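Structure first, commentary second.
The model shown is predicted, which means the values in this text are computed figures rather than measured ones. Every chain is numbered from 1, with letters handed out A, B, ... down the list of sequences.
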Protein chains: 4
Amino acid sequence: MTAQAHTRHATRPSKRQLIIETAERLFAEHGYDATSTARIATEAGVPSGLVFYHFATKLDLLLAVVQERPAPREVLRSTARGRTVRRRLRAIVATMAEELEHDRAARIIVFREAQGRPEIASRAAELFAEATETVACVLTGADDVVADPARVQAAAELVVSRVFLDTVALGQAETATHRHAEMIDLIAESLTGGVRAE
Amino acid sequence: MTAQAHTRHATRPSKRQLIIETAERLFAEHGYDATSTARIATEAGVPSGLVFYHFATKLDLLLAVVQERPAPREVLRSTARGRTVRRRLRAIVATMAEELEHDRAARIIVFREAQGRPEIASRAAELFAEATETVACVLTGADDVVADPARVQAAAELVVSRVFLDTVALGQAETATHRHAEMIDLIAESLTGGVRAE
Amino acid sequence: MTAQAHTRHATRPSKRQLIIETAERLFAEHGYDATSTARIATEAGVPSGLVFYHFATKLDLLLAVVQERPAPREVLRSTARGRTVRRRLRAIVATMAEELEHDRAARIIVFREAQGRPEIASRAAELFAEATETVACVLTGADDVVADPARVQAAAELVVSRVFLDTVALGQAETATHRHAEMIDLIAESLTGGVRAE
Amino acid sequence: MTAQAHTRHATRPSKRQLIIETAERLFAEHGYDATSTARIATEAGVPSGLVFYHFATKLDLLLAVVQERPAPREVLRSTARGRTVRRRLRAIVATMAEELEHDRAARIIVFREAQGRPEIASRAAELFAEATETVACVLTGADDVVADPARVQAAAELVVSRVFLDTVALGQAETATHRHAEMIDLIAESLTGGVRAE
DNA sequence: TATGAATGAGTTTTCATTCAT
DNA sequence: TATGAATGAAAACTCATTCAT
């Protein structure tokens with residue numbers, strides 16, 4: 001059913017999984033090209049040959065890293081419990097920034113290595129779509145929404161773009177916090193139909 | 001081929017510049033790590049040693065590519081001639097997408113290679129700041145703006161984030177066009193204070 | 001679990017050893033800097049990459065060459081069978097010159113490349129100390145020695161210096177032979193007879 | 001036609017001389033192979049092309065460095081003013097060590113680069129011969145010498161070997177000082193007392 | 001299922017030397 | 001007598017991948 005089916009007998013952390021996790025960290029830190037398979041093996045504490053026993057090529061390892069890591073959909077959904085758009089937005093932005101900061105690896109990889117690699121690019125689009133869908137869904141459930149679905153969708157895309165770019169490309173999750181407030185106000189008002197303060 | 005040397009007598013296209021331009025193109029196309037200095041030299045038509053005569057290391061060449069390329073401020077400013085926020089936004093989004101598509105090199109490089117390279121990261125932040133500043137400036141000059149400067153700034157950041165992420169990371173400038181319309185409406189309304197259609 | 005698993009110098013004709021031996025010869029012949037790793041690989045009959053599989057850097061290969069080669073202590077000791085200081089000195093000088101000539105590689109390397117390389121320099125001092133210690137030991141065992149240990153030590157240092165410099169630096173082992181006779185007389189007398197303190 | 005005739009009117013430090021001096025320092029510090037002509041030019045403050053204007057090849061520069069530097073004969077001679085062999089030896093050893101330490105460049109180069117380069121090797125032998133000749137001469141002039149010239153010559157060679165090896169190869173001029181005392185006693189006694197031929 | 005030595009093409013970088021000015 | 005850009009061969013080192021065990 002779920003991706004967990006692959007890791008079902010995870011009584012001990014399988015070496016395959018260990019390789020994926022180490023690769024994820026190193027790819028995120030130094031980039032795909034700048035990370036050698038030998039180093040991955042060394043830091044994972046496995047013999048160098050094992051990498052190619054489990055993954056035919058280095059690119060296959062990258063794909064595994066990128067695909068076997070689910071988007072943090074549920075976390076976003078569960079933390080946005082406020083009634084109003086503004087409250088939900090605040091929760092969403094905070095959670096996303098934190099999530100990306102904490103478990104940014106796969107996300108960073110996806111956006112860095114998408115260029116010229118169709119599978120990665122489509123996974124990048126997938127992640128973006130999932131994120132916006134979740135955000136749109138959360139916003140739609142707020143009590144004070146008056147905007148139509150298309151508008152909500154556009155708002156979700158704007159918010160996700162802003163947070164992604166800050167965290168993934170600019171790497172300034174911390175400095176951006178206070179600038180997010182203004183953005184939240186703008187989006188909230190445009191969805192609730194009033195320039196009136198809350 | 002040789003005739004050019006005579007005709008271009010006044011403005012000599014220094015080989016240094018030639019190397020930078022070739023590197024820019026290849027870095028943007030394949031990424032920094034995946035582009036060998038040998039290939040840069042070959043495609044630039046210069047001997048491989050010359051690359052390292054002008055740039056001590058490959059990274060120095062990357063820095064030169066990224067730093068010696070100005071942001072296209074004026075283009076944005078000149079194309080946004082409409083009176084209303086909505087018209088200006090349309091022009092801005094179209095121009096930015098086109099600009100990034102056409103001369104995307106440095107921008108793409110900046111956002112791909114920023115991770116773990118402080119000089120590149122700060123240049124990325126610089127480019128982002130310049131772009132948002134320009135957009136904010138253009139929007140402020142519209143006839144129907146009623147929002148305060150902070151709000152305009154937030155709007156500019158949202159627009160720039162959206163277009164950057166689409167073009168640079170997702171590489172989907174073309175498919176996104178129709179989705180931009182909704183975003184433009186959202187931003188325009190939030191700055192003009194009305195839910196009224198134009 | 002063989003004993004080989006724990007001992008470093010397992011005696012198998014490994015390619016690693018082959019590389020060390022080839023490097024030793026070439027370093028001694030042409031110097032460290034003037035010997036390319038490619039040439040070492042070619043003359044050893046191994047692929048060029050193998051050099052760097054076994055030794056992280058070229059300097060590490062030099063260190064291996066210099067450190068994994070023991071000083072010929074026993075040879076010196078066994079050949080000096082005469083009863084008198086003079087006879088033992090003759091044997092020592094002849095043996096040392098021959099040894100250095102025959103298996104001079106590591107010695108030459110050590111003294112040529114010590115400058116500015118602490119590990120090599122300390123190995124040079126080590127080799128010098130071992131040689132003088134052995135010589136002093138051999139001389140002390142002669143029947144006609146009357147000098148105190150410090151004097152014997154000084155004599156040993158002089159002899160070793162003279163032979164080392166001739167063979168290693170000046171490369172004139174052959175022409176120096178007849179000049180050694182006078183030196184042997186001088187040292188022998190100073191250790192055996194007429195050494196009346198003033 | 002001596003080489004000195006050309007550099008006689010050196011009112012200002014000619015750039016040629018500047019290059020030689022810089023090369024001497026760098027060759028001594030890092031070795032001939034490990035010193036690039038570009039670095040010599042840079043540290044000498046001259047354009048890189050000038051090196052090859054004055055010296056056809058890099059090897060010619062090495063030869064110039066090695067040949068246009070006289071042996072410090074006079075210094076040795078003038079400092080050894082004592083009457084006895086022992087006093088003169090003390091002065092000689094101290095002066096040589098100091099001289100080699102202070103102006104060691106050419107000496108170090110000569111002994112490092114002699115291998116496989118006939119001109120350098122013969123210059124090394126020349127320097128060694130000059131040094132021993134001078135020392136022998138100084139010792140012969142002492143009041144208490146009773147040894148014959150051949151013996152004095154052998155003693156000179158021993159002393160010079162010892163000091164050269166210490167300074168040039170082992171680089172331990174400072175730690176060796178106290179060990180020199182014993183050597184001086186040994187040599188002094190062998191030249192002054194109990195010189196009974198067998 | 002694991003292992004680590006082996007392979008060779010490819011990478012960045014160095015550098016003595018040349019040459020037009 | 002200088003000058004500094006240009007040149008290309010060769011250097012040290014990297015690395016994805018293979019393979020015998």
**Request:** Please report the C-alpha distance between F27(D) and R112(D) in whole Å, then the side-chain angles of each, then the deciding distance to 0.1 Å, and finally whether the side chain to side chain contact (heavy atoms under 4.5 Å, CB included) criterion is met.
**Result:** CA-CA 10 Å; F27(D) 286 166; R112(D) 272 191 68 164; over 6 Å; no

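Using a distance-only test at 3.5 Å, with no hydrogens or angles considered, no donor-acceptor pair links the side chain of K15(B) to the main chain of H54(B).
If you take CZ of F52(D) and P of dA20(E), they are 18 Å apart, rounded to a whole angstrom. Going from atom CZ of R39(D) over to atom P of dC15(E) covers 10 Å, rounded to whole Å. Here dA6(F) presents its C1' atom at 14 Å from CZ of F55(B), a figure rounded to the nearest Å. If you measure from atom OH of Y32(C) to atom P of dA12(F), you get 8 Å, rounded to the nearest angstrom. Atoms CD1 (I40(B)) and C1' (dG10(E)) sit 15 Å apart, rounded to a whole Å. Put simply, CG on L26(A) is 16 Å from P on dT14(F), counting in whole angstrom units.
Scanning all heavy atoms of the two residues, the minimum distance from L26(D) to E43(D) falls at CD2-OE1, 3.8 Å. When all heavy atoms are compared, the tightest approach of I120(D) to V110(D) is CG2-O, 3.7 Å. Of all heavy-atom pairs spanning A64(A) and I20(A), the tightest one is CB-CD1, 4.0 Å.
Side-chain proximity of P47(A) to the nucleotides dT14(F), dT3(F), dG4(E) is greatest for dG4(E). Nearest to the side chain of T57(D), among dT17(E), dT14(E), dA12(F), sits dT17(E).
OP1 or OP2 of dT1(F) sits under 4.0 Å from a side-chain N or O of Y53(D). Look at S48(B) and you won't find any side-chain N or O under 4.0 angstrom from OP1 or OP2 of dG8(F). Applying the 4.0 Å criterion to OP1 and OP2 of dG4(F), one finds that K15(B) has every side-chain N and O outside that range. Within the structure, every side-chain polar atom (N or O) of H54(D) is placed at least 4.0 Å from both OP1 and OP2 of dT1(F).
At a threshold of 4.0 angstrom between heavy atoms, the contacts of T37(B) include nucleobase atoms, whether or not backbone atoms are also involved. Among the atoms of the strands shown, only primed sugar atoms or phosphate atoms (P, OP1, OP2) are found under 4.0 Å from some heavy atom of T35(B).
Judged by closest nucleotide on DNA chain F, L50(D) is the one of V46(B) and L50(D) placed further toward the 5' end. For R16(C) and K58(B), each mapped to the nucleotide of DNA chain E holding its nearest heavy atom, the one lying further toward the 5' end belongs to R16(C).
Pair assignment for dT18(E): dA5(F), on the basis of Watson-Crick or G-U wobble contacts that are both within less than 3.5 Å.
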